[in-house]
Amino acid sequence: MPRIPLAEWVQRIVEWMADHLAGLFDAISLIIATVVDFISWLFLLPHPFLFIVILGIIAYFAGRMSLAIFSMVGFLLIYNLGYWTQTMDSLALVITSGLISIIIGVPLGILIAYRPTARKIIVPILDFMQTMPAFVYLLPAVTFFSLGVVPGVIASVIFSIPPTIRLTQLGIQQVPEALVEAANAFGSTSFQKLFKVQLPLAMPTLMAGVNQTIMLSLSMVVIASMIGAQGIGAEVYRAVTQLQIGKGFEAGLVVVILAIVLDRLSQNIFKTKAR
Amino acid sequence: MTILEVKDVSKLFGPNAEQGVSLLNQGYTKQQLAKDKHITVGVNRVNMEIREGEIFVIMGLSGSGKSTLVRMLNRLIEPTSGQILVHGKDIMKMNKEQLRQVRRKTISMVFQSFALFPHRTVLENVEYGLEIQKVNKLERKEKALKSLELVGLKGWGDKMPNELSGGMQQRVGLARALANDPEVLLMDEAFSALDPLIRRDMQDELLELQDKMKRTIVFITHDLDEALRIGDRVALMKDGSVVQIGTPEEIMIHPANRFVEKFVEDVDLSKVLTAAHVMRRPETITLDRGPRVALGLMRDIGISNLFVINRSKQLLGVITAEDASNALKNNQTLQDILITDGPRVTPERLIGELFEITSSSKVPLAVVDENERLLGVIVRGAVLGALAGEIDLKEVNQPHA
């Protein structure tokens, strides 16, 4: 039995896309790069101390005093250790991919909540995206978007978008049938039903998905650094390749602080809004 | 006038549901369809006309198809066949937009589970129907507040639904339905989730509201007492078919078949029969006669009281034989011995409420209409007799005649 030339096929498809869709990829690349640059420029604009105070205020209003104190102490430590710029770069990468995940993921989640056919197509793709090792799609990402932060964002989005899609779908399907019926009985259009009843009620579940997405994309910063994305991931990667145990620990600790603050913030910002 | 007409409406579930309808017409039974064709009959060729301003109760046990039927009235469930006419227009032929307009303007719904939106305040819930019609903020708030006041929830607008008791939540449900100013109110087991005392209060309030606002109400219930209490007319459903449609009296007194008979057997008659059912023809006299005539009249008929009326038959009071004979001795007129504060009731009063009045009064109970005209008399014993089944059914046939 001859071997199926799967590798060749994939190679050829990727090459064909790189040749023929270059314009599209360039446009996407430009947009993403602009967004990332803008966000990291914004974060680096105020003096780190001012940034830390603002962060503390946000954390205080979003949650508890303890979160505010932890965020401020944590970021002071990051500043003290000298990883400020790298941290802001990584934060920009995470936030950009989080935004893209929400912009694409929420509508897709709504779509598969409504349309069983779409669900049958999209859910297996999500499974595929989540289980395929991330390194594997770093390569085509580099082929399409060259080195740097953009393929990092793309890889992060692919890796981290599934929870947003799945939990948006779940949240919408969990809205009690009686409430959907009531919305229909009063003569709501589909849009009114979606925006006034289903989405608001799906919000807690949906936000749990967004929180998961942010955590997953943070876990991608180290991998993204392998294809040239600057940031704290690059520090970790360098420390590992140069066997600098102490530096590796420092950079790793920064990732942990970033993770805890992002996690608690993204959970709590929503809770206060939901009353 | 008919506002809502249901013509031959069926709902079948399963493969080839449409074919099932023609099989039903050919005489297949529900059981045969289920067994041979795997088709479940939810609602079986139902016909009914709902008149403007009445409370039409659809009553049946669970699984009788009543909830499916009511959801077909606004097409929340698509009928398999048949016509549903609102003001003569078939809603089955309407497109989405026309149907939406009917749901927004003509038919509102109140749900068993209340179905309040938990993320909106009470006021925002009530505003919902107007909000989706894009009524401006000020106007819809004004209408919603008025609607809340109507159901007795003034000042509760800023609460969240889960801060309210069940009874209050359902009032919000009612206010939300009323805010749209609909002609027809569909109430799907609206009070079934409430405990009995609160349910009773809500029924009273609904009747009171109905007096003020005169909507057409289609009320679904599985509780016969509730049906008979609030319904102007009642449709009894069994296994997806309507078994009988009629006024509560008609159903009680002339059950269409064994099923209805068994059903109404246990009903508390005191909550169904009214003063009109047990009243007798009154013996009367006018005020210009003397005590001697009155005494003679009472002696002839063998009674101890006479009602005194004027020429337009309005009740002035009552005299007793004892007083009349004293008056004769003392040379008094009927005016002098007239008892004017005797008890009076309207013919619609339930006889359950008459016990206390008859037992605490010396003179018989007068039944009068809204113009104080004397219609009949209820003597002590008649109420008990009626409850014991001693009522002449033929006479009751036309209770308000």
Side-chain angles (χ1 to χ4, degrees), chain A residues 61-63 102 106-107 109-111 113-117 164 167-211 266-275, chain B residues 67 70-78 91 94 96-121 124-134 158-163 172-173 176-180 182 184-189 193:
Chain A
F61 280 107
I102 291 171
V106 172
I110 293 167
L111 180 73
Y114 270 99
R115 299 255 182 270
T117 329
T164 294
L167 288 169
T168 301
Q169 177 210 357
L170 184 68
I172 285 184
Q173 286 178 339
Q174 273 176 344
V175 173
E177 191 51 42
L179 297 183
V180 178
E181 191 177 49
N184 282 330
F186 282 99
S188 314
T189 62
S190 302
F191 268 97
Q192 287 169 335
K193 189 170 57 181
L194 181 64
F195 285 105
K196 289 180 191 291
V197 179
Q198 290 174 306
L199 271 184
L201 290 171
M203 214 35 110
T205 313
L206 191 154
M207 287 309 292
V210 171
N211 172 268
S266 62
Q267 273 179 23
N268 287 322
I269 281 181
F270 174 67
K271 272 186 199 145
T272 44
K273 265 194 205 156
R275 310 185 207 214
Chain B
S67 283
V70 76
R71 279 171 174 70
M72 291 196 284
L73 298 182
N74 59 358
R75 262 177 79 185
L76 283 178
I77 294 179
E78 291 286 335
I91 68 162
M94 289 181 180
K96 271 189 177 174
E97 180 55 34
Q98 289 167 319
L99 180 62
R100 255 201 300 277
Q101 289 308 320
V102 169
R103 288 174 177 175
R104 287 176 176 184
K105 304 258 157 79
T106 318
I107 304 179
S108 277
M109 197 159 177
V110 181
F111 300 86
Q112 176 175 14
S113 58
F114 318 142
L116 300 179
F117 303 124
H119 60 295
R120 298 174 141 242
T121 65
E124 286 167 349
N125 263 284
V126 178
E127 281 181 359
Y128 185 81
L130 299 164
E131 186 182 320
I132 59 175
Q133 292 178 42
K134 305 205 166 69
D158 293 332
K159 299 271 188 237
M160 298 307 281
N162 62 12
E163 296 175 87
V172 179
R176 179 174 64 177
L178 289 174
N180 281 5
V184 181
L185 215 53
L186 305 179
M187 303 184 71
D188 177 30
E189 301 241 17

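Reckoned from all heavy atoms, side chains included, excluding hydrogens, waters and symmetry mates. In the text below, chain A, chain B and the rest are named by the order of the sequence lines, each starting its count at 1.
Under a 3.5 Å cut-off, the side chain of R103(B) and the backbone N or O of F186(A) do not form any donor-acceptor pair.
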Please assess N184(A) against L76(B) for the test side chain to side chain contact (heavy atoms under 4.5 Å, CB included), listing each intermediate value before the final yes or no. CA-CA 7 Å; N184(A) 282 330; L76(B) 283 178; 3.7 Å; yes
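Only the backbone of I107(B) comes within contact range of chain A, with heavy atoms under 4.5 Å apart. If you measure heavy-atom distances from L116(B) to chain A, the contacts under 4.5 Å come from the backbone alone. In this structure, no portion of R75(B) lies under 4.5 Å from any heavy atom of chain A.
Annotation for P118(B) and L201(A): closest pair CG-CD2, 3.5 Å, computed over non-hydrogen atoms. When all heavy atoms of A115(B) and A178(A) are compared, the pair lying nearest together is CB-O, 3.7 Å. Annotation for A185(A) and F111(B): closest pair CB-CZ, 3.8 Å, computed over non-hydrogen atoms.
Put simply, the side chain of Q192(A) does not reach to within 4.5 Å of the side chain of Q133(B), judged on heavy atoms. A heavy-atom distance below 4.5 Å is found between the side chains of E181(A) and R71(B). Between S188(A) and Y128(B), the closest side-chain pair of non-hydrogen atoms falls below 4.5 Å. Using a 4.5 Å heavy-atom cutoff, the side chains of K196(A) and R120(B) are in contact.
For K193(A), the salt bridge (Lys or Arg N to Asp or Glu O under 4.0 Å) criterion is met by no residue, not counting sequence neighbours. Residues that satisfy the side-chain hydrogen bond (donor to acceptor under 3.5 Å, both in side chains) test with Q112(B), not counting sequence neighbours, are absent from this structure.
Note that CG of L179(A) is 12.5 Å distant from CZ of F114(B), once rounded to the nearest 0.5 Å.
In terms of heavy-atom pairs under 4.5 Å with chain A, the best-connected choice from E131(B), Q101(B), K96(B) is E131(B).
When the shell of 6.0 Å around CG of D158(B) is examined, it contains 12 or fewer heavy atoms from other residues, nucleotides or ligands.
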